[in-house]
Protein chains: 2
Amino acid sequence: MTRFVLVAGTTKTARIDGISAAGADPDLVAHTPSADAELVEYGHLVRAPSLPVSPTGCPTPAAVTRAVRERVGFETLVVDAGLAEPTGAPTVGVGATPGRDIRETDPVPTAPGAWVAARELGSALPEDELVIGETIPGGTTTALGVFRALGVGSEGRGRGDAVGFPVSSSLPENPLDLKREVVDAAFEASDLTPGDAAYHPELAVRFLGDPVLATVAGLTAGALDSGTEVILGGGTQMLAAAALVRHAGVAAPLSVATTTYVAADVDMDAAAAALDCNLVVTDPGFAGRDDPLARYAAGEAKEGAGMGGALRLAERAGVTESVADGTLEVVERVNESYGP
Amino acid sequence: MTRFVLVAGTTKTARIDGISAAGADPDLVAHTPSADAELVEYGHLVRAPSLPVSPTGCPTPAAVTRAVRERVGFETLVVDAGLAEPTGAPTVGVGATPGRDIRETDPVPTAPGAWVAARELGSALPEDELVIGETIPGGTTTALGVFRALGVGSEGRGRGDAVGFPVSSSLPENPLDLKREVVDAAFEASDLTPGDAAYHPELAVRFLGDPVLATVAGLTAGALDSGTEVILGGGTQMLAAAALVRHAGVAAPLSVATTTYVAADVDMDAAAAALDCNLVVTDPGFAGRDDPLARYAAGEAKEGAGMGGALRLAERAGVTESVADGTLEVVERVNESYGP
């Protein structure tokens with residue numbers, strides 16, 4: 001049996017102007033993880049105000065995950081890793097609260113506790129396979145912080161570097177200079193310098209990361225401890241989670257499943273290989289459409305809410321072909337009830 | 001689409017000696033709703049310490065509900081209506097906290113708020129049918145309190161009375177005199193006398209009830225408001241919830257689905273008719289077995305965790321026959337992992 005686990009949280013880091021495209025406007029960004037959780041669980045909104053879209057109207061990848069779920073029928077579990085706004089989705093807690101801005105001195109004080117609680121949870125879940133996804137605006141910035149704190153890879157802009165930090169973005173133009181500035185400021189505010197947190201993953205997530213990364217890493221470590229297979233569904237952030245798991249001394253086989261959009265943007269192969277992870281890349285087939293999903297093919301969103309992991313399950317079940325239409329159906333269903 | 005909603009909570013009323021059989025010993029009683037939620041969600045325990053059993057070893061009705069789920073495949077939602085112990089099941093909150101002892105002056109201060117939040121939730125859920133169950137130790141005592149506060153029916157010991165309070169019990173010998181004493185003391189501690197809360201259901205649940213009844217009633221009212229069909233799965237407590245809904249002025253069709261064990265114990269027909277509810281009674285077929293399920297046929301447990309509602313779904317799907325073996329399978333699976 002496979003269970004899809006969505007780890008949902010927020011940080012103040014996401015409020016930095018220009019960091020995140022996970023919302024039509026800045027006030028809606030903090031609602032995105034709560035809304036994503038409802039979409040995956042119900043295929044509808046319950047307490048969230050609107051379907052999350054980017055400023056240009058690209059619909060949330062949670063709609064893709066939901067479309068796959070309506071075809072494959074997997075069970076779900078939403079873990080509250082620091083939600084800031086109400087959700088009608090049922091959640092299990094791990095003691096996480098929303099992260100502060102990583103430029104503050106102790107931005108994620110609940111990270112070590114969340115890691116431990118998530119590890120226990122991951123080890124206790126009865127399924128023999130977990131697919132883990134994330135939804136947290138601003139998550140690639142904190143992932144960059146974690147890569148640098150752990151000293152993983154050499155810094156680079158992605159493709160072309162030996163093993164660069166594969167920091168993708170939900171924006172077509174990756175604001176990588178801004179992300180670097182924010183992470184530089186985070187190091188200044190902490191007592192750490194890059195590489196200081198190697199083999200101390202709890203320091204990396206607490207001072208440079210976010211509560212979602214701590215929770216994903218803890219769940220993964222716990223699941224692997226108990227012999228459960230894990231597929232991390234996502235791009236940059238899931239590689240950061242994998243790095244945290246490896247730096248916690250967990251050597252078991254681990255897969256990362258992402259979309260062609262992330263793989264086209266950054267060098268996932270080399271990074272996955274460096275972390276001893278199996279990489280699976282799936283094309284959702286959104287290219288050439290004349291609807292809002294075409295924005296994915298134009299480089300928006302790319303990943304999120306476990307989209308790459310869900311697509312892996314769709315591929316396994318042989319239903320990938322109907323995912324695009326199914327996603328549009330989810331988007332239209334929600335917009336009919338709530339207005340676009 | 002049908003969703004099974006389990007409303008789970010606790011009160012200090014359940015700690016009164018002799019009131020509840022929902023636990024092998026008094027210290028485990030508060031864990032029962034948390035464990036029941038895990039059983040329905042996972043078919044396993046995650047954070048709860050052990051499979052809930054009565055003092056004589058009768059397994060929790062949540063194992064029956066889970067067995068049905070493994071055959072019918074319905075989706076679930078656990079609502080936290082005042083859990084006191086950790087659960088690994090994902091839950092959605094309605095602002096409820098554990099109820100105090102109804103002999104205190106304001107035993108369920110969160111009841112009115114939980115009612116409102118549950119009503120909004122019930123109205124927002126997208127399914128066209130909800131089956132609602134409950135798990136709260138001591139729940140038939142607070143149900144008696146609610147019946148009397150609303151002034152529903154005439155007092156009686158069940159079968160043989162015109163429309164008596166159909167107060168069943170998870171114990172083979174119903175401690176009805178003790179329940180009456182506790183409810184009498186609750187009236188003394190409140191400003192209410194029997195019947196005072198007629199058409200003021202929020203007063204009945206707040207001063208004589210429990211947070212689960214408030215939440216079930218709110219969910220039901222909200223679902224009916226939005227045209228969703230509701231089956232209340234349970235006995236005494238679901239009739240109390242139905243009474244609360246009717247006293248809130250909601251007149252829409254409503255069903256109560258219970259087991260033959262409750263129907264053999266108290267006069268459900270007359271009470272359901274008086275509340276303008278459709279009554280469905282299902283026999284899980286546990287009689288004549290030489291395993292722990294035989295205790296049900298001997299009058300233990302009888303109902304709980306939406307068992308009657310789940311059995312209704314099993315009947316509709318034509319799988320009732322395999323529910324008994326499936327239940328035993330769930331019990332054995334859990335005991336293998338955690339010890340009996």
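We name chains A, B, ... by the order of the sequence lines, and we start the count at 1 in each one.
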Checklist outcome for this item: Output for pair (A:His44 NE2, B:Leu125 CG), nearest 0.5 Å, gives 10.5 Å

Item to check | Heavy-atom neighbours of A:Glu129 CD exceed 12 at 6.0 Å | outcome: yes

Item to check | Most chain B-contacting option - heavy-atom pairs closer than 4.5 Å, from A:Pro126, A:Gly43, A:Gly73 | outcome: A:Pro126

Checklist entry - Using non-hydrogen atoms and a limit below 4.5 Å, what part of residues 81-93 of chain A faces chain B? => result A:Thr87, A:Gly88, A:Ala89, A:Pro90, A:Thr91, A:Val92, A:Gly93

Checklist entry - Is there a side-chain contact between B:Glu75 and A:Tyr42 (heavy atoms, below 4.5 Å)? => result no

Checklist entry - What option among B:Arg3, B:Glu41, B:Glu127 has the most heavy-atom pairs under 4.5 Å with chain A? => result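 Top count of heavy-atom pairs under 4.5 Å with chain A: B:Arg3.
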
Item to check | A:Ser123 versus chain B, the contacting section by heavy-atom distance below 4.5 Å | outcome: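 Interface part for A:Ser123: neither.
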
